[in-house]
Structures are given as C-alpha cells and as structure tokens.
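Worksheet for the structure shown next.
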Amino acid sequence: MSFSKRLIAWYDQHGRDLPWRHTQDPYIIWLSEIILQQTRVEQGMPYFMRFSEQYPTVQDLASADEDDILNLWQGLGYYSRGRNMHKAARMVVSDFAGIFPTAYDEVIKLPGVGEYTAAAISSISANQAKAVLDGNVFRVLSRYFGVEVEINTPAGKKIFTELANEMLDADDPARYNQAIMDFGAMQCKPKSPTCGSCIFNQECVAPKEDKVHLLPLKKKGKGSRNRYFHYFIIEEDDKIMMSRRGEGDVWQNLYEFPMIETTEPLSGLDILKDERTKEYFSEDISLELKGNVIKHILSHQNIYAQFYKVNNPSALKLKKKSWNYVFLKDLNKLAQHKLIFSFIETNIS
DNA sequence: AACGCGGGGTG
DNA sequence: CACCCAGCGTT
C-alpha cells in the first residue's frame with residue numbers, strides 16, 4: 001500500500017477527535033487554523049471554543065469591536081493574529097460578499113493567511129489538492145526520506161513543498177493533510193518519537209541511520225536578549241493608571257502599567273534618579289517593592305520585571321497620552337499581556 | 001535571507 | 001537550559 005493510504009489508515013484508527021473536524025464551514029476551519037499557528041492543540045482549544053461560541057459567523061466577527069477580540073485573545077500570544085483576524089473578517093464581508101472563500105488563491109489574500117493556512121483551508125473545507133507544510137510535515141518527511149536540508153531556508157522550503165505535494169493523496173487531500181499532522185504530533189514527535197511501534201518502521205530512513213534526533217535540520221537563529229522592565233503601580237481611590245503599549249515592539253496595543261525600561265538591572269534608588277522617572281513625578285516620590293523580580297521568558301527575549309507601588313500617587317506630574325486612569329472593576333475589559341494580567345490576578349483587588 | 005512576534009510544553 | 005509548536009508579515 002502507498003505511503004498516503006497507510007497514513008490515512010493510521011489516522012482513521014488513531015487520529016484525534018477535534019471540534020473543528022466536525023464541520024466543513026471554511027470560517028470555522030479558518031478560525032481553528034489561525035488559533036493553532038505556532039500553538040499546540042491543547043493550548044488553543046479553549047480559545048477556539050470561546051471564539052466559535054462568541055462569534056459563530058464571519059459577520060459576527062467582522063462587526064465585533066477589535067478590543068473585544070483582543071480581550072478574548074488575551075494570553076494566547078502572537079497578538080497580531082487577533083488583529084489580522086478582525087481585518088480578514090471585515091475583508092470577507094466587504095470583498096467576498098460575506099461568503100468565506102475556500103479556494104487557495106482567494107483565502108491567501110486574507111491577512112494572516114499564508115501558504116500553510118491557505119493549503120489547510122482549501123484542502124479541508126473544499127478538498128483542493130494542496131499539501132500543507134507545517135512543523136509536523138517537515139519532521140515526518142525529513143525523517144522518512146532522510147532529507148538533510150535546512151528546513152528554514154528558501155531552498156529547504158522549496159524542496160519540502162514539492163515533496164509534500166508528491167506525497168499528497170489527491171483522492172482525499174482533506175483527510176491526508178490532517179493525517180500527516182496528527183501523525184507528526186502523536187507518533188513522529190520531536191523528542192522521543194515512538195519508532196518501535198511506527199507503521200513506517202521498515203522503510204523510514206532516519207532510524208536506520210540513527211538520525212531520528214537530528215532531523216529535521218534547522219539553521220540556528222539569534223539568541224535571546226535581556227530587558228529590564230520597572231513598573232509603577234499608581235492607584236488613586238478605586239482607579240489605577242494603565243498604559244497602552246505602542247507599535248514596533250512586543251505586545252503591541254496591549255495594556256500594562258506605566259514603566260521605564262533599561263538594558264541593565266536597576267536598583268530602586270537608581271529608578272528614582274532616572275530622568276524618565278523625574279519627568280513623570282514631582283520630586284519626592286516613595287516607592288514600595290511589590291514582590292520579587294518576575295522573569296518572563298519569550299522565545300527571543302528574557303524580560304525581568306519588577307513592580308513598585310507608588311505610595312504617594314498625587315506626585316504624578318506628567319501624564320502621557322497613552323496613559324489613563326481605569327476603574328479597578330473595569331480592568332478585565334482591557335486586553336493585557338500575560339505578564340500584567342497574571343500580576344493583577346495575584347496582587348490587585 | 002533575516003528578523004520579530006508569545007506563551008507553554010518537553011527532555 | 002535548548003528546542004519546538006496546525007506560521008506570518010516586514011524589511
């Protein structure tokens with residue numbers, strides 16, 4: 001039996017039962033695919049449930065308030081996905097008469113939909129013969145054929161795109177694509193794959209050459225940099241000062257507290273001496289440490305955050321445009337990033 | 001071709 | 001600690 005037929009047979013027996021597999025509605029498929037970009041199924045699942053319930057149709061999503069969408073996205077990361085999702089929904093309403101496209105060449109026009117997502121939507125919702133190419137597919141194919149080409153280069157991408165489309169089962173692209181991804185996620189895992197019980201154990205190249213752990217090949221990127229965030233907790237009565245982050249950095253448009261950032265650690269005393277602090281507050285401010293330094297790790301930076309309660313909030317002098325007092329009871333309406341809302345959860349109210 | 005963009009799981 | 005996850009957009 002062919003590779004694809006055996007894979008599909010494995011899938012029929014072992015594949016996961018996931019909520020978005022019970023429909024061919026391209027809107028629902030799209031919703032799941034955006035949420036699952038660079039995100040584990042278990043992590044994205046609760047978000048998918050909330051979004052599909054809150055916004056059952058593309059019209060619902062298009063007419064939603066963007067801040068509500070970001071609020072629902074809170075904690076999932078890669079927040080531009082949420083913003084692009086809203087843009088895409090409005091584009092479907094305005095440019096596609098409210099009918100969610102299924103053709104590869106159409107869906108790929110939507111912001112946030114790249115080659116992978118377009119292949120997934122067009123194959124799963126319309127059975128178009130386009131092979132998906134994600135982390136799972138790279139891994140399965142590189143091991144099966146022993147392809148020692150770096151997957152995160154244009155050359156590697158080209159080779160694997162061609163290979164993936166050769167292997168695709170043109171009779172059943174929808175099932176095949178989901179099969180190879182489940183297979184990668186459940187059997188041909190990055191660490192400790194279960195080669196002993198694998199249906200391809202006889203012919204797979206990687207275990208024969210003892211290269212399972214080595215494949216797929218990947219060119220290394222840059223390491224992490226350190227950043228030091230010093231947050232000011234400014235509370236007056238039942239309100240707290242919040243700040244909206246700007247563009248061109250992490251957590252674009254999300255809310256946090258007013259802060260200053262440095263490239264090196266800073267003592268409480270040094271914060272008082274900082275020019276920006278002096279700009280924000282009149283001379284004698286009194287800071288009180290709130291908890292220990294929190295290390296917040298992103299894939300490309302290590303953030304060390306320290307929170308300071310401002311004991312005399314009336315010392316606040318300058319108010320930036322991006323700053324606003326917010327009622328404590330309304331805090332949950334603002335989309336915050338993880339570092340901030342986990343701090344709020346344990347320290348405020 | 002390289003880089004920035006989150007948060008969480010794994011060994 | 002390094003690596004990876006149903007990747008995409010910008011430069």
Side-chain angles (χ1 to χ4, degrees), chain A residues 15-16 18-21 29-48 70 73-85 87-88 107-121 123-124 130-140 150-158 160-161 164 174 176-186 188-193 213-225 227 245 247-254 295-303 335-342:
Chain A
R16 293 172 288 191
L18 302 171
W20 48 88
R21 286 184 175 162
I29 306 291
W30 165 76
L31 207 54
S32 72
E33 292 299 342
I34 301 297
I35 287 171
L36 291 175
Q37 284 168 5
Q38 290 291 283
T39 304
R40 257 164 249 274
V41 167
E42 310 83 68
Q43 191 189 357
M45 180 79 80
Y47 288 85
F48 171 81
L70 278 181
W73 198 272
Q74 179 173 276
L76 191 56
Y78 285 157
Y79 296 89
S80 65
R81 289 183 292 169
R83 291 189 294 270
N84 281 333
M85 203 164 70
K87 274 187 216 156
V107 282
I108 203 166
K109 293 175 184 166
L110 300 173
V113 176
E115 289 175 18
Y116 162 77
T117 306
I121 295 172
S123 65
I124 295 171
K130 286 279 189 180
V132 294
L133 185 53
D134 73 335
N136 293 306
V137 180
F138 276 122
R139 192 168 55 254
V140 172
E150 291 168 330
I151 62 172
N152 54 345
T153 61
K157 230 186 131 193
K158 184 167 182 293
F160 278 95
T161 301
Y176 171 84
N177 274 337
Q178 301 188 74
I180 193 166
M181 290 192 284
D182 265 19
F183 186 77
M186 302 169 68
C188 196
K189 298 180 287 186
K191 304 284 177 77
S192 61
H213 58 288
L214 193 108
L215 294 171
L217 231 54
K218 206 167 188 177
K219 206 199 300 192
K220 284 198 208 291
K222 283 178 38 173
S224 294
R225 67 180 164 124
R227 303 175 74 175
R245 289 184 69 86
E247 314 219 331
D249 198 355
V250 289
W251 302 320
Q252 190 177 321
N253 294 347
L254 299 190
K295 184 177 183 184
H296 190 83
I297 301 172
L298 308 182
S299 42
H300 47 289
Q301 47 189 282
N302 305 316
I303 293 171
Q336 303 137 17
H337 52 83
K338 176 77 181 182
L339 173 56
I340 292 302
F341 77 70
S342 47

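Throughout, a chain's letter reflects where its sequence line sits, starting with A, and its residues are numbered from 1. Below, all heavy atoms of this structure are taken into account, side chains as well, without hydrogens, waters or symmetry copies.
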Tell me whether the OP1 or OP2 atom of [N] has a side-chain N or O from [X] closer than 4.0 Å.
{"X": "Q37(A)", "N": "dG7(C)", "value": "no"}
{"X": "Y78(A)", "N": "dC5(C)", "value": "no"}
{"X": "K220(A)", "N": "dC3(C)", "value": "yes"}
{"X": "W251(A)", "N": "dG7(B)", "value": "yes"}
{"X": "H300(A)", "N": "dG6(B)", "value": "no"}
{"X": "Q301(A)", "N": "dC5(B)", "value": "yes"}

Could you tell me whether [X] contacts a base, only the sugar-phosphate backbone, or nothing, with contacts defined as non-hydrogen atoms closer than 4.0 Å?
{"X": "I29(A)", "result": "nothing"}
{"X": "S32(A)", "result": "nothing"}
{"X": "D249(A)", "result": "sugar-phosphate"}
{"X": "I35(A)", "result": "nothing"}
{"X": "K109(A)", "result": "nothing"}
{"X": "K157(A)", "result": "nothing"}
{"X": "R83(A)", "result": "nothing"}
{"X": "W20(A)", "result": "base"}

Item checked: Contact nearer the 5' end of DNA chain B, comparing L254(A) with A155(A) -> A155(A)
Next item on the list: Could you check P154(A) against S299(A) and say which one's nearest nucleotide on DNA chain B is further toward the 5' end?
Entry: P154(A)
Check: Does any pair with a residue in residues 177-186 of chain A pass salt bridge (Lys or Arg N to Asp or Glu O under 4.0 Å), and if so which ones, sequence neighbours excluded?
Finding: R16(A)-D182(A), R21(A)-D182(A)
Margin query: Just by distance, no angles: are the side chains of S80(A) and Q252(A) close enough, under 3.5 Å, to form a donor-acceptor pair?
Written below: no
Taking the minimum atom-to-atom distance to the side chain of [X], which one of [options] wins?
{"X": "T117(A)", "options": "dA6(C), dC8(C), dC5(C)", "result": "dC8(C)"}
{"X": "P190(A)", "options": "dG8(B), dC8(C), dC5(C)", "result": "dC5(C)"}
{"X": "T39(A)", "options": "dA6(C), dG6(B), dA2(B)", "result": "dG6(B)"}
{"X": "Y116(A)", "options": "dC5(C), dC3(B), dG7(C)", "result": "dG7(C)"}

Write down the distance between [atom1] ([X]) and [atom2] ([N]), rounded to a whole number of angstrom.
{"X": "H337(A)", "N": "dG6(B)", "atom1": "NE2", "atom2": "C1'", "value": "11 Å"}
{"X": "K218(A)", "N": "dC3(C)", "atom1": "NZ", "atom2": "C1'", "value": "8 Å"}
{"X": "L133(A)", "N": "dC8(C)", "atom1": "CG", "atom2": "P", "value": "10 Å"}

Next item on the list: Taking all heavy atoms of I151(A) and all of P216(A), pick out the closest pair and write down the distance.
Entry: CG2-CB, 3.8 Å
Notebook entry, point to check: Does atom CD of E115(A) have more than 12 heavy-atom neighbours from other groups under 6.0 Å away?
Noted result: no
Notebook entry, point to check: Is atom NZ of K158(A) surrounded by more than 12 heavy atoms (other residues, nucleotides or ligands) closer than 6.0 Å?
Noted result: no
Using the [atom1] atom as the point on both nucleotides, what is the distance between [M] and [N], in whole Å?
{"N": "dG7(B)", "M": "dT10(C)", "atom1": "C1'", "result": "22 Å"}
{"N": "dC3(B)", "M": "dA6(C)", "atom1": "C1'", "result": "22 Å"}
{"N": "dT11(C)", "M": "dG6(B)", "atom1": "P", "result": "16 Å"}

Could you list, one pair per line, each protein nitrogen or oxygen that sits under 3.5 Å from a nitrogen or oxygen of nucleotides 9-11 of chain C, together with the distance?
| unit_1 | atom_1 | unit_2 | atom_2 | d |
| --- | --- | --- | --- | --- |
| dG9(C) | OP1 | G112(A) | N | 2.3 |

Are there any protein N/O atoms within less than 3.5 Å of an N/O atom in nucleotides 9-11 of chain B, and if so, which ones and at what distance?
| unit_1 | atom_1 | unit_2 | atom_2 | d |
| --- | --- | --- | --- | --- |
| dG11(B) | OP1 | S192(A) | OG | 3.2 |

